[in-house]
There are 2 protein chains.
Amino acid sequence: MKKKKKNENSSKIFLGHDHGVCFGDAITQIEDYFIKKKLQLTPLRRKVFEILIEDHKPLGAYEILEKLGKTGFSSSPPIAYRVLDFLIEHGFVHKVQGLNGFIACSNPNHSHFPTFVICRKCEKVAEVSEEKSGLNLPSPEISNFKIEKTTIELTGICSTCENAEIR
Amino acid sequence: MKKKKKNENSSKIFLGHDHGVCFGDAITQIEDYFIKKKLQLTPLRRKVFEILIEDHKPLGAYEILEKLGKTGFSSSPPIAYRVLDFLIEHGFVHKVQGLNGFIACSNPNHSHFPTFVICRKCEKVAEVSEEKSGLNLPSPEISNFKIEKTTIELTGICSTCENAEIR
DNA sequence: AGTTAGTGTGTTATGTTATAACATGTAATG
DNA sequence: CATTACATGTTATAACATAACACACTAACT
């Protein structure tokens with residue numbers, strides 16, 4: 001059974017989770033994928049992915065660079081952007097446009113159009129699948145337009161923060 | 001006659017329109033709104049809105065600044081960003097995150113969660129209402145999360161460009 | 001009038017995010 | 001062992017955005 005502690009009083013979309021499991025699963029998934037696709041999961045790529053998986057929230061490219069620097073990698077901007085582009089291309093990372101941040105994909109196996117739910121107060125970000133978001137998945141064609149990529153970000157306030165708000 | 005062949009075979013969402021009418025309507029709408037809300041439609045604000053309405057596609061802040069400069073306004077960055085923020089706040093302009101661009105709202109009367117459809121080839125951008133996009137409007141609450149603002153951008157290729165593609 | 005508060009614009013400087021262009025290294029292929 | 005493909009490194013700069021402060025104008029008071 002998938003470990004998932006009871007979670008009644010936290011917002012349902014900002015699920016708690018066992019991070020050790022999450023981390024291990026994600027590494028395994030990316031390893032398998034890279035082998036299958038004959039891609040190189042180099043130390044740099046692995047490190048960037050690990051940084052994102054660990055933080056489990058959007059990081060700016062320059063935050064990532066800083067962390068890279070601390071672990072002995074080069075930390076000039078193109079390093080981060082190139083690796084991020086690569087990981088995005090293969091579905092392991094998403095860019096959160098509203099925050100200029102990058103986040104590890106929480107389910108790289110789905111080919112999907114992710115929706116991000118962003119609390120403006122606590123800045124938690126949840127990636128939700130189309131089914132759970134209450135959004136219909138965009139139909140692949142809208143009036144003769146072929147969708148290749150979506151950016152769907154819902155910004156607002158989570159119940160925890162709302163309850164804490166003074167006003 | 002405005003060049004625009006009958007457009008049953010062009011993408012329905014990139015509708016042609018009579019730009020003179022569109023422009024006039026938009027100006028009237030913003031004037032009415034500002035009067036009703038007792039806001040100042042200053043020359044600068046009007047000019048920025050006109051620039052966007054005229055171009056009818058997303059412009060970068062610095063493009064707007066350049067146009068402002070040519071008409072005798074100041075063209076230092078805060079000028080544009082301040083006015084844009086103001087117009088966005090009141091629903092007359094949207095930011096297209098994927099392009100770092102700003103576009104006049106095509107229907108400021110609707111309070112709405114707009115969807116933008118963006119052709120990556122011709123770079124045309126259409127604002128579509130929820131009904132037409134095939135997307136459900138996001139429910140105001142998703143699992144205890146209150147949505148205040150949405151960014152929904154669908155990037156891909158319009159049929160016109162697709163037909164023209166070599167591959 | 002004089003004072004105060006609110007708003008709008010102007011200016012300088014700087015912060016933040018992202019990319020261009022070119023150099024080097026390394027591994028696989030023919 | 002030349003060629004190609006790919007990954008990384010480096011310098012410089014482009015593109016996007018905001019902070020902080022200055023000044024002008026109006027409205028609404030005392």
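Model, not experiment: these values are computed from the prediction.
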Letter per nucleotide, 5' to 3', of nucleotides 23-30 of chain C [B base touched, S only sugar-phosphate touched, - untouched; heavy atoms, 4.0 Å] = --------
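Nearest-nucleotide assignment on DNA chain C puts the 5′-proximal partner with B/Phe86, out of A/Gly101 and B/Phe86.
Along DNA chain D, read 5' to 3', the first and last nucleotides having any atom under 4.0 Å from a heavy atom of chain A are D/dC6 to D/dT11.
Not counting sequence neighbours, the partners of B/Phe116 by the ring pair (Phe, Tyr, Trp, His ring centres under 6.0 Å) test are B/His94. B/Tyr33 meets the ring pair (Phe, Tyr, Trp, His ring centres under 6.0 Å) test with B/His90, B/Phe92; sequence neighbours excluded. With sequence neighbours excluded, no residue satisfies ring pair (Phe, Tyr, Trp, His ring centres under 6.0 Å) with A/Tyr81.
In the hydrophobic clustering of this structure, A/Phe113 does not group with A/Ile103; members are Ile, Leu, Val, Met, Phe, Trp, Tyr whose side-chain heavy atoms approach within less than 4.5 Å, directly or through other members. The hydrophobic clustering, which links ILVMFWY residues whose side-chain heavy atoms are closer than 4.5 Å, places B/Phe34 and B/Val93 together.
A/Arg120 contributes atom CZ, which lies 4.0 Å from atom CD1 of A/Ile157 (distance to the nearest 0.5 angstrom).
Panel note: side chain B/Arg45, backbone B/Val83; no donor-acceptor pair is recorded below 3.5 Å.
What separates OH of B/Tyr81 from P of C/dT11 is a distance of 18 Å, to the nearest Å. Atom P of nucleotide C/dT7 and atom NZ of B/Lys37 are separated by 15 Å, given to the nearest angstrom. Atom pair B/Leu87:CG and C/dT9:C1' shows a separation of 14 Å (rounding to whole Å applied). Atom pair B/Glu89:CD and C/dG8:C1' shows a separation of 14 Å (rounding to whole Å applied).
The pair B/Lys149-A/Glu153 does not count as a salt bridge, with every side-chain nitrogen at least 4.0 angstrom from each carboxylate oxygen. Ion pair A/Lys57/A/Glu123 not flagged as a salt bridge, since none of the NZ, NE, NH1 or NH2 atoms sits closer than 4.0 Å to an Asp/Glu carboxylate oxygen.
Looking at B/Arg46 and B/Leu41, their side chains come closer than 4.5 Å, going by heavy atoms from C-beta outward.
In the region residues 64-78 of chain A, proximity to DNA chain D at under 4.0 angstrom, judged on heavy atoms, holds for A/Ser74, A/Ser76, A/Pro78.
Counting any heavy atom pair closer than 4.0 Å across all strands shown, A/Lys38 reaches no nucleic acid atom.
For the residue pair B/Ser106 / B/Glu127, a side-chain donor-acceptor distance below 3.5 Å is found, with atom types taken as modelled.
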